[in-house]
Amino acid sequence: MRKHTQQVVIDGLLFVSMLALIGTGIVLEFILPPGSRQQSAVWLTRHEWGSVHFWIAVFFTLIVTIHLCLHLKWIITSYFKKKN
């Protein structure tokens with residue numbers, strides 16, 4: 001896979017997973033707030049939504065790590081760049 005294609009795929013996955021994190025966070029905070037008991041939204045309880053949110057966060061963290069590894073050369077050269 002070409003480097004540009006890799007970056008587009010990784011960036012797309014980051015974007016989609018961030019939207020999913022925001023969406024599940026909104027569900028947890030506003031639709032099923034703490035103390036909502038046995039209520040559910042879209043067939044999932046608050047606890048199940050919390051699990052979905054957690055696993056999306058794990059996936060997001062993994063993709064961010066891959067993203068940083070792909071840009072490691074740029075990060076190192078930018079950090080250790082000598083100032084004139």
Side-chain angles (χ1 to χ4, degrees):
M1 187 181 292
R2 289 181 34 210
K3 188 172 183 175
H4 175 72
T5 307
Q6 274 183 333
Q7 292 173 354
V8 168
V9 169
I10 294 294
D11 291 347
L13 289 172
L14 283 172
F15 179 71
V16 169
S17 60
M18 179 55 78
L19 289 178
L21 275 174
I22 292 169
T24 55
I26 288 171
V27 168
L28 287 169
E29 185 65 28
F30 299 112
I31 298 174
L32 295 172
S36 56
R37 308 268 176 184
Q38 296 297 329
Q39 294 178 5
S40 63
V42 193
W43 306 289
L44 296 175
T45 65
R46 178 174 170 74
H47 181 74
E48 293 166 335
W49 275 109
S51 294
V52 170
H53 187 74
F54 171 77
W55 287 110
I56 293 171
V58 168
F59 177 74
F60 180 77
T61 303
L62 176 68
I63 299 299
V64 166
T65 303
I66 292 170
H67 178 81
L68 291 174
C69 288
L70 289 174
H71 292 85
L72 191 58
K73 183 179 177 182
W74 179 84
I75 293 168
I76 290 171
T77 57
S78 295
Y79 183 75
F80 292 110
K81 186 177 180 182
K82 290 186 177 185
K83 294 183 180 180
N84 292 332

Checklist entry - So, does Ser17 use its side chain to make a donor-acceptor pair with the main chain of Leu14 at under 3.5 Å? => result yes
Next on the checklist: Quick check: closest heavy atoms across Ile56 and Ala20, and the distance to 0.1 Å?
Outcome noted: CD1-CB, 3.8 Å
Next on the checklist: Starting from Phe59, can I reach Trp55 by hopping between I/L/V/M/F/W/Y residues whose side chains sit under 4.5 Å apart?
Outcome noted: no
Item to check | Rounded distance [0.5 Å steps], CD1 in Ile63 versus CE in Met18 | outcome: 12.5 Å
Checklist entry - What distance separates Leu21 CG from Phe60 CZ, expressed to the nearest 0.5 Å? => result 6.5 Å
Checklist entry - Considering all heavy atoms of both residues, which atom of Glu48 and which atom of Trp43 are nearest to each other, and what is their separation? => result OE1-O, 3.9 Å
Checklist entry - If you measure from CD1 on Ile66 to OG1 on Thr61, what distance do you get to the nearest 0.5 Å? => result 11.0 Å
Next on the checklist: Show the nearest heavy-atom pair for residues Arg46 and Leu32, with the distance to one decimal.
Outcome noted: NH1-O, 2.5 Å
Checklist entry - Honestly curious: do Val58 and Leu62 fall in one hydrophobic cluster under the side-chain, below-4.5 Å linking rule? => result no
Item to check | Interatomic distance, Thr65 atom OG1 to Leu70 atom CG [nearest 0.5 angstrom] | outcome: 11.0 Å
Next on the checklist: Using 0.5 Å steps for rounding, measure from the CD1 atom of Ile10 to the CD atom of Gln7.
Outcome noted: 9.5 Å
Item to check | Residue pair Thr24 / His53: nearest heavy atoms and the distance that separates them | outcome: OG1-ND1, 2.5 Å
Next on the checklist: Consider side-chain contact (heavy atoms from CB on, under 4.5 Å). Of Leu13, Leu19, Asp11, which one does Phe15 pass it with?
Outcome noted: Leu19
